[in-house]
Visitor: 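Handing you a structure now.
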Amino acid sequence: MGEPNFPRLEAEVLEFWKKQGIFEKSDRKPAPRGKFVFYEGPPTANGQPAMHHVLARSFKDLFPRYKTMQGFHVTRKGGWDTHGLPVEIAVEKRLGVLGRKALSREEIAEFNATCKKYVFENIQDWNYFTERLGFWVDLDSAYITYTNEYIESVWNLLKRLWDKGLITQDYKVVPLSPRISTTLSQNEIADGYREVDDPSVYVRFPLKLETTPKAVRQRLNAQGVRLEDLENLAILVWTTTPWTLPSNTMAAVNPQMDYALVRSPSAGHLIFAMEAVERLKELHEEELEVLAQLKGADMEWWEYTPPFPEVCVELGVVKEQGERRENGRPVMHFVALADFVSAEDGSGVAHEAPVYGAEDLELSRKYGTPLLFGTDEYGVMRVTGERGKFFKDADKGLIRAMKERGVMYHAGTIRHRYPFHDRTGDPILYFAKPSWYIKTSLFREQLYARNEEINWVPEHIKYGRFGNWLKDNVDWAISRERYWGTPLPFWVAEDGSEKVCVGSVRELSELAGRDLSDLDLHRPYVDDITFVKDGKIFRRVPEVLDVWFDSGAMPYAQWHLMLDENGRPLPGTEANYELFEQHFNADFICEAIDQTRGWFYSLHAIATLLYDRPAFKNVICLGHLVDEKGQKMSKSKGNVVEPLPAFDKYGADAVRWYMFTASEPGDTKRFSERLVAEAMRGFLGTLWNVYSFFVLYANLDRPNLKERPPVEERPEIDRWLYSRTQQLVQEVSEALERYDARGGARALEEFVEELSNWYVRRNRRRFWKNDDAADREAAYATLWEALVAVSQLCAPFTPFVAEALWQNLVRSVDENAPESVHLSQWPQAQAMDQSLLKSMHAALEVVRLARAARARSGVKTRIPLPLMLVTAPTAEERAGLQHFASEIADELNVKELRVLGPEEEVLSYRVLPNLPVLGKKYGKKVPAIRQLLAELDGKYVAQTLKAKQALHLEIEGETITLTPDELLLEALSPAGYEALEERGYMAALEVRVDDELFLEGLARELIRLVQQARKDMGLQVSDRIHLSYQAEGKYAEALRKFGSRLQEETLALSLSEAPITGFETGLEDEEGRVRFGLSKA
RNA sequence: GGGCGGUUAGCUCAGCUGGUUAGAGCACACGCCUGAUAAGCGUGAGGUCGGUGGUUCGAGUCCACUACCGCCCA
């Protein structure tokens, strides 16, 4: 016992758990309430476990522990995410590979072998970290996404989607590092933005007058402008990427925006955004006259001649320029409408080259225009006089060409941010590549509807970040041009005429005509598998799967679920199916907020598409952990706080407690060691203090804790603590039922505070020298029960300290008790005495006020005061104060306490409106009522209310009647007392110290002195002593009067005025002097 | 550029459906207590509740706009 050393204690508890197999026992214990399903969101083990993992894993541990104690069975299957970019990048660095351009078969084999090797390079750290945190998860049976079984299940899922016709191939604009033609992720380009100068060109796209939309004609006529008079009419298009102009297929305007038809002295007639007129005047330094105004929407389908009209024929996309579709619409080169067009920069008319922009591609789908590939995927120009040049180097020549063609209105430059690939130094090329999609957008409504069934913590994510994301759902691009991932199980005929999705290894074996059971399903081995069907050779597509699909597939793949086309388990996998059924869907998952579009989405999408059910019912979405200054923790900034040192210094419980209490789970948390230290002192320290207090005396008194006195026979304060404990059980249970970890933790914190600073503080004497056996036993029983309850209630939060308490408090008393607190039954709240709880609440309020009054009086608490007056707003509470009168009086060291009622002569009252009640009823009259009440004599009102039950007021010639519940009476401090009042509670001290009281105070001072000496001598609390003393002045008087009490308090068998012998102590001040000699009896 | 969240005491955070004098912990100052004791407790000071405008008898709380910070997306 003694001072707590939590890290050491935790080591002992870990040892105990391991030795006794407590986790395993919790897994096997009876589960009368059935299953509680938890899904582990898999981390990648090649990184180091960090503080944000502590956050997530603390929450992931909390609810399974709670549910286990409640009698549920929780399968705590771990999981590891092993594929994907973080691993690839780490390996690239290690191998010194630059990009992944066209690796040979052997290179892929080496690369993937290295990935596999390094995925688990930090697994030891993870294992240790997980155990040390007290996160109970089964890592031995953890699912691993790179295993053949996992991959096969993923294939099986893809096949099911394929069979429903939900997988298609289409273009997708991706960021490429040109020259090596490697697709990059957003993360890879995020750091590559640089401030650069780029061209900013305004190009005339001459409009074809014969195709002018009717709406435009009408609008112009109305403004007195004749189309035929408009020489050289062109729409003015702006771009910062001239090299994309040969690939232009549309000019986009915003349908809502106003466009101006202007006369330009230098260029004839131009159409562009009204908003841009002034800007262009300045830019081009010419006077522009606005002739008419058009709406963007008017201009749809208006055709124009692009700056490089020959390109579309050259590329073989159309046979001739200006070609039309069957419905008469132009194939391309017309004005399109798009909401994303703005006029903040440029002309308000956007040039659309769908190959080179995501929004452009989206628009081209809407309008059904073809793609013009002006460059190849290495960024080399394929068209115009610039053919063969790197795209960025083509700008100059193209600008010159356009000037020659007379379509360049203005060529300038702009400084803006553009991304570069930091390893090759090349500018990023956004480029449309063929890509595989899951058609999730067909399920927009279902995705949204299934989300309705999910309980989100915090709530705002549901309709905010996640709901909005679902509402605007776009198809899920699932292919990646990478190596280390689940290979897409799509095999395509060499002529592209037919595609097959393979749903199992067995199926692939059948197609290939040989047994492939031992095949490593990764690249490059799977790429070797080809087969002939209908006389055509089928080869696998080169891409691998988006890793988010891997993780979203875990509800199925973690059990190696394999279904046939009828949804029945494949032969030999029936048991897997069983396990899957038992664990679908999850009751609870928990990850950080960045998973809304990651794991949360992939889980939700797959479950909705295949089962039309949500994958999880409750989710806690955690905020990020930042450093003390609110900065993101990152290695480069050097502000990363390591978990293990914190565990070693404060203990895992302290860190966990911090995570639960620091702020709302969804909020960003500013982490600092200081706050962990605070968590340790504040909660764990106080709890430990109470616990060691109990143990210290229980070891001396050996109370019978097995047969405890019935609660109703115990003193009032014990019955209070009992009720308070039941209240705590209820509060913590209710909070955890709502997945409100913080609410539960706060309830515990408040309770422990009250337990320590009120119950123990008030009852210390009952433990240390109490000859009244019944009273003593009651005190021990009550405190013991409270501590046991706390041990159980905090077990899910702080499993180590809870276990230590349980072992010493419960197991030492009853060897038949559950072996571990985590195997014990979660407590049920018993009936509680509400009026007792209210009474004590009132008492605590009054004590608080009285302490403040005491402090103001300047009379030390050691010196008793004769009288204290108290009151509370309601009769029930006043009765409660009477109940605890002696407790209150003792706490404040006053001789007498009187509870005053509203009829008391000595008090006056302030009358206040009960606003929540009155406001609703009287509305605008409230200020007048308030005014009037302030002027009333409170005492009179108090008496009136008591007598007549109602108060009549005259307001603006109208009589209104106020009932007692519409009014509040606040006691005012009586004159001549040191008093404080607050919201109807009042405490007043009579500050009158007579000689007798003063001497009594001095006697207390002497008792304290002797006690200190006892301690300095190193005596046991039960040791008896003999006291000799010599005293002068007031101290001599005090000893004469209160000597016997001194003896009693200090366990002195004798007290004699004699020469000092033994251990000496004493003091001297203006009241006199005194010396004591102590010797052990 | 869009979406979501945050902004309350020096710091970290509470503040339920609008209601009387906006709270806690830490830190600070002062004091108290002393058989839980290299602990504990209390009191005090400290706040234009980011800003502006609005709704209302009444706004930290609701609405609009706005500034700054963070996250996600483009």
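Chain letters run A, B, ... following the sequence lines, proteins first and then strands; every chain starts at 1.
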Visitor: Please tell me which of the listed nucleotides, B/G40, B/A14, B/G70, lies nearest to the side chain of A/Thr668?
Guide: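 Out of B/G40, B/A14, B/G70, the nucleotide with an atom closest to A/Thr668's side chain is B/G70.
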Visitor: Using the side-chain contact (heavy atoms from CB on, under 4.5 Å) definition, which of the options A/Tyr430, A/Tyr356, A/Tyr171 pairs with A/Leu361?
Guide: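 Checked A/Tyr430, A/Tyr356, A/Tyr171 against A/Leu361; only one passes side-chain contact (heavy atoms from CB on, under 4.5 Å): A/Tyr171.
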Visitor: Between B/U43 and B/C72, how far is it from one C1' atom to the other, in whole Å?
Guide: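 Each nucleotide's C1' atom is 47 Å from the other's.
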Visitor: Want to settle it: does A/Glu664 or A/Leu1051 sit nearer the 5' end of RNA chain B, counting the closest nucleotide to each?
Guide: A/Glu664
Visitor: With a 4.0 Å cut-off on heavy atoms, is A/Arg597 in touch with a base, just the backbone sugar-phosphate, or nothing at all?
Guide: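 Result for A/Arg597 = sugar-phosphate.
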Visitor: Looking at every non-hydrogen atom in both residues, tell me the closest pair between A/Leu997 and A/Pro864 and how far apart they are.
Guide: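 It is O-CD, 3.3 Å.
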Visitor: Roughly how far apart, to the nearest Å, are B/A39 and B/U48 at atom P?
Guide: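 These two P atoms come out 35 Å apart once rounded.
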Visitor: Looking at B/G46, which nucleotide sits across from it as a Watson-Crick or G-U wobble partner, both distances under 3.5 angstrom, or is there none?
Guide: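 Checking every strand shown, B/G46 finds no partner, since no pair has both distances under 3.5 Å.
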Visitor: Can you tell me how far C1' in B/G19 sits from the matching atom in B/U66, rounded to whole Å?
Guide: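 Those two atoms are separated by 28 Å.
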Visitor: Run the ring-centre check on A/Phe660 versus A/Trp657 and record whether the distance is less than 6.0 Å.
Guide: no
Visitor: Does A/Arg746 put a side-chain nitrogen or oxygen below 4.0 Å from OP1 or OP2 of B/G25?
Guide: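 The answer is no; no side-chain N or O of A/Arg746 sits under 4.0 Å from OP1 or OP2.
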Visitor: Does a donor on one side chain sit under 3.5 Å from an acceptor on the other, for A/Asn473 and A/Tyr448?
Guide: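 The criterion, which ignores hydrogens and geometry beyond distance, is not satisfied for A/Tyr448 and A/Asn473.
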Visitor: Determine whether any donor atom in the side chain of A/Ser756 lies under 3.5 Å from an acceptor atom in the base of B/A36, or the reverse, and answer yes or no.
Guide: yes
Visitor: Just the rounded figure in Å: distance from P of B/C4 to CG of A/Leu622.
Guide: 21 Å
Visitor: Could you check whether A/Ser441 and A/Asp475, counting side-chain N and O atoms only, form a donor-acceptor pair closer than 3.5 Å?
Guide: yes
Visitor: Watson-Crick or G-U wobble partner for B/G1, using a 3.5 Å limit on both distances?
Guide: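 Pairing partner: B/C73.
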Visitor: Just call it for A/Arg1014: base, sugar-phosphate, or nothing, with non-hydrogen atoms closer than 4.0 Å on any strand.
Guide: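 The answer is base, as A/Arg1014 lies within the cut-off (heavy atoms under 4.0 Å) of a base atom.
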Visitor: For A/Phe340, which contact category applies under a 4.0 Å heavy-atom criterion: base, sugar-phosphate, or nothing?
Guide: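 Nothing: the residue A/Phe340, judged by heavy atoms under 4.0 Å, touches no strand.
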Visitor: Taking the same atom, P, in B/A14 and in B/C73, what whole-Å distance lies between them?
Guide: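 It comes out at 26 Å once rounded to the nearest Å.
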Visitor: With a cut-off of less than 4.0 Å, is there a side-chain N or O of A/Arg670 near OP1 or OP2 of B/U12?
Guide: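 Yes, because at least one side-chain N or O of A/Arg670 sits under 4.0 Å from OP1 or OP2 of B/U12.
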Visitor: For atom P, what is the distance between B/C65 and B/U21, given to the nearest Å?
Guide: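 It comes out at 31 Å once rounded to the nearest Å.
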Visitor: Find the distance A/Arg761:CZ to B/U34:C1' and express it as a whole number of Å.
Guide: 10 Å
Visitor: My understanding is that a pair needs two contacts under 3.5 Å, Watson-Crick or G-U wobble. By that rule, which nucleotide pairs with B/U55?
Guide: none
Visitor: With heavy atoms under 4.0 Å as the rule, sort A/Arg851 into base, sugar-phosphate or nothing.
Guide: sugar-phosphate
Visitor: Is it the case that the side chains of A/Tyr463 and A/Asn468 hold a donor-acceptor pair, with the cut-off being a distance below 3.5 Å and no angle test?
Guide: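 Note: A/Asn468 and A/Tyr463 side chains miss the donor-acceptor criterion.
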Visitor: From the set B/A27, B/G70, B/C13, return the single nucleotide nearest to any side-chain atom of A/Arg681.
Guide: B/A27
Visitor: Across the strands shown, which category fits A/Thr1050 at heavy-atom distances under 4.0 angstrom: base, sugar-phosphate, nothing?
Guide: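 Here A/Thr1050 touches the bases of the nucleic acid.
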Visitor: Please give me every residue in residues 467-474 of chain A whose heavy atoms get under 4.0 Å of an atom in RNA chain B, ordered by residue number.
Guide: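 Correct list: A/Asn468.
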Visitor: Can you tell me the Watson-Crick or wobble partner of B/C33, both distances under 3.5 angstrom?
Guide: none
Visitor: Give the intermediate values and the outcome of ring pair (Phe, Tyr, Trp, His ring centres under 6.0 Å) for residues A/Phe600 and A/Phe466.
Guide: CA-CA 9 Å; A/Phe600 296 153; A/Phe466 196 66; 7.1 Å; no
Visitor: If you check every side-chain atom of A/Asn689, which of B/A36, B/U43, B/C71 has the closest atom?
Guide: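 Side chain of A/Asn689 sits closest to B/A36.
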Visitor: Taking atom P in both B/G50 and B/U8, what distance in whole Å separates the two?
Guide: 6 Å
Visitor: So what's B/C26 paired with, Watson-Crick or G-U wobble, going by both distances under 3.5 Å?
Guide: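 Because both required distances fall under 3.5 Å, B/C26 counts as paired with B/G10.
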Visitor: Taking only the side-chain nitrogens and oxygens of A/Arg764, find out if one of them lies under 4.0 Å from OP1 or OP2 of B/A36.
Guide: yes
Visitor: A/Phe693 CZ to B/C41 C1': how many Å, rounded?
Guide: 15 Å
Visitor: Output yes when A/Glu731 and A/Arg746 qualify as a salt bridge under the 4.0 Å nitrogen-oxygen rule, no when they do not.
Guide: no
